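A quick write-up on the structure given underneath.
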Amino acid sequence: MTSYPEYVPYPFQAEHHVATHPVCTNGLEDHSHRVVIAGGGPVGFATALGLAKQGVASVVLEADDSVCFGSRAICVSRRSLEILHRLGVGAGFDAIGLPWTGGRSFYKGQEVLRFEMPQDDNQQFAPMVNMAQYSIEKTLLDGVQAYHHLIEVRWQTAVTGITRNEDGVRLAVKTPQGAYQLHTD
Ligand SMILES: Cc1cc2nc3c(=O)[nH]c(=O)nc-3n(C[C@H](O)[C@H](O)[C@H](O)COP(=O)(O)OP(=O)(O)OC[C@H]3O[C@@H](n4cnc5c(N)ncnc54)[C@H](O)[C@@H]3O)c2cc1C
């Protein structure tokens, strides 16, 4: 019988993060926050980084315990790369990304699609770079962690409710250590 090596779905090993529970009084966190971001995906981390670069502190609430490592983006557009570089987190992508400018698709040996994307010497980046989303999220997270004085990431913290009030917003969250509420401007 043929023996196969152990199946490893991805070469990526996500780091798992523990949940935290802040100091609360009657279920409401004592400290109020200027900005709270629900979701630590590419958009949430990019938002936190963009705010931090303007000196604005934020808390990112992420339901999961790691960056996403399932099947997600593989083709990253030039515009996304421009944004990532502006946020200061794109420098390492050249080493792991595969840039491309056009494609050809075949069906049973016959070419059924051929395209070229606009590209010239004035462009800093290729129109598309192939790179797994977990690499992008990990790079964004590294950038976020470099701003630990302004950005706090709370893992395993799922938003379950949002209530607007006169001076901001109150969020209800649940964590493995229990539920609580927090206030943000
Ligand atoms: C199979 C697949 C292929 C794709 N291919 C491409 C591609 O080639 N190129 C491309 O540009 N895009 C692609 N995309 C789209 C890309 O993945 C999304 O645009 C991108 O992930 C959106 O980022 P986001 O931060 O807005 O949301 P998400 O990545 O979904 O992040 C949201 C985060 O919020 C967290 N969350 C959810 N609910 C709560 C809650 N209640 N409380 C706290 N946290 C919560 C989630 O755990 C998650 O981490 C693909 C998507 C899929 C599924």
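Counting starts at 1 for both ligands and their atoms, in listed order. No hydrogens, no waters, no symmetry mates; every other heavy atom, side chains included, goes into these values. Just so it is clear, the structure is predicted and the values come from calculations on it, not from any experiment.
For ligand 1, the atoms sitting less than 4.0 Å from at least one non-hydrogen atom of Gln133 are 16 (C), 17 (O), 20 (C), 21 (O), 29 (O), numbered in the order shown with element in parentheses. Which parts of ligand 1 touch Cys75 is read off a 4.0 Å heavy-atom cut-off, strictly below it: atoms 7 (C), 8 (O), 9 (N), 10 (C), 11 (O). Of all the atoms in ligand 1, the ones that sit under 4.0 Å from a non-hydrogen atom of Ala158 are 42 (N), 43 (C). When each atom of ligand 1 is checked for a heavy atom of Ile74 under 4.0 Å away, the hits are 7 (C), 8 (O). Residue-ligand proximity, Thr157 to ligand 1, at heavy-atom distances under 4.0 Å covers atoms 43 (C). When each atom of ligand 1 is checked for a heavy atom of Gly39 under 4.0 Å away, the hits are 33 (C), 34 (O), 35 (C), 44 (N).
The protein heavy-atom contact nearest to atom 24 (P) of ligand 1 is Val43 CG2, 3.7 Å. Among all protein heavy atoms, the one lying closest to atom 40 (C) of ligand 1 is Val159 N, 3.7 Å.
The nearest non-hydrogen atom to atom 50 (C) of ligand 1, considering only Ala73, Ala132, Gly44, comes from Ala73. Ranked by closest heavy atom to atom 27 (O) of ligand 1, the top entry among Glu62, Arg72, Gln156 is Arg72. Across the listed options Ala38, Gly41, Cys68, Ser71, Gly41 owns the non-hydrogen atom lying nearest to atom 32 (C) of ligand 1.
Using a 4.0 Å cut-off between heavy atoms, Leu61 contacts ligand 1 through its backbone alone, with no side-chain atom that close.
Within 4.0 Å of atom 38 (N) of ligand 1, not a single protein heavy atom is present.
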